[in-house]
Amino acid sequence: MGDSRDLIERYAGASSRVAVEDEQPSFDAGERYAAMLDCVLAGGDRAAFPYSMLLRAMFDPSSGIELVFSGAVVTIKGRKLGELYRAIIQHRATSVQAKGEHGMFASDCTVDAIEIEILEG
């Protein structure tokens with residue numbers, strides 16, 4: 001009874017708390033498979049997409065990453081996105097955040113914009 005950690009921490013070895021900081025990296029990739037990819041847009045809006053509905057991922061260094069989900073297309077634009085692409089296709093990327101013009105980080109990955117197109121039908 002003396003264990004104050006919550007169930008996720010005890011059984012999965014991971015924290016269920018989301019750290020919110022002013023200066024976050026362009027993307028977060030964990031050691032384990034992620035259930036969803038959380039997209040944080042430049043204005044602060046967020047949308048999460050389940051990896052189970054990811055139909056296709058394409059990476060073109062000149063135009064970015066295109067993710068085709070059942071019902072939506074997510075386009076991630078930026079520079080040096082190769083590491084992010086690998087994390088996505090391995091289902092390890094938990095979140096990706098658009099930083100705009102001032103998004104240079106230690107990993108050299110810069111996410112300038114995230115565009116989401118919801119497909120009708």
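- Within the 4.5 Å cutoff, side-chain heavy atoms of V40 are placed close to those of R46.
- The side-chain heavy atoms of I88 and V96, taken from C-beta on, include no pair separated by under 4.5 Å.
- Both I118 and L54 belong to a single network of hydrophobic side chains, linked directly or stepwise wherever heavy atoms of I, L, V, M, F, W or Y lie under 4.5 Å apart.
- Other residues, nucleotides and ligands place no more than 12 heavy atoms under 6.0 Å from the CE atom of M53.
- Looking only at side-chain heavy atoms (C-beta outward), L81 and C109 come within less than 4.5 Å of each other.
- A chain of hydrophobic side-chain contacts below 4.5 Å, direct or via other Ile, Leu, Val, Met, Phe, Trp or Tyr residues, connects F59 to F49.
- A donor-acceptor contact shorter than 3.5 Å is absent between the side chain of Y51 and the backbone of Q90.
- Distance check: R79 CZ to S62 OG gives 13.5 Å after rounding to the nearest 0.5 Å.
- Side-chain contact between E66 and V68 is present, with at least one heavy-atom pair separated by less than 4.5 Å.
- Closest approach of A34 to A93, counting heavy atoms only: CB-O, 3.8 Å.
- Under the 4.5 Å side-chain criterion, counting only non-hydrogen atoms from C-beta, T110 is not in contact with K99.
- C39 approaches V74 most closely through the heavy-atom pair SG-CG1, 4.1 Å.
- The two residues A113 and A98 have their closest heavy-atom pair at CA-CB, 4.1 Å.
- The minimum heavy-atom distance between L67 and A57, with the atom names listed, is CD2-CB, 3.7 Å.
- In this structure, OG1 on T94 lies 8.0 Å from CG on L37, to the nearest 0.5 angstrom.
- Looking at I116 and L41, their side chains come closer than 4.5 Å, going by heavy atoms from C-beta outward.
- When every heavy atom of V111 is checked against every heavy atom of Q97, the shortest pair comes out as CB-O, 3.4 Å.
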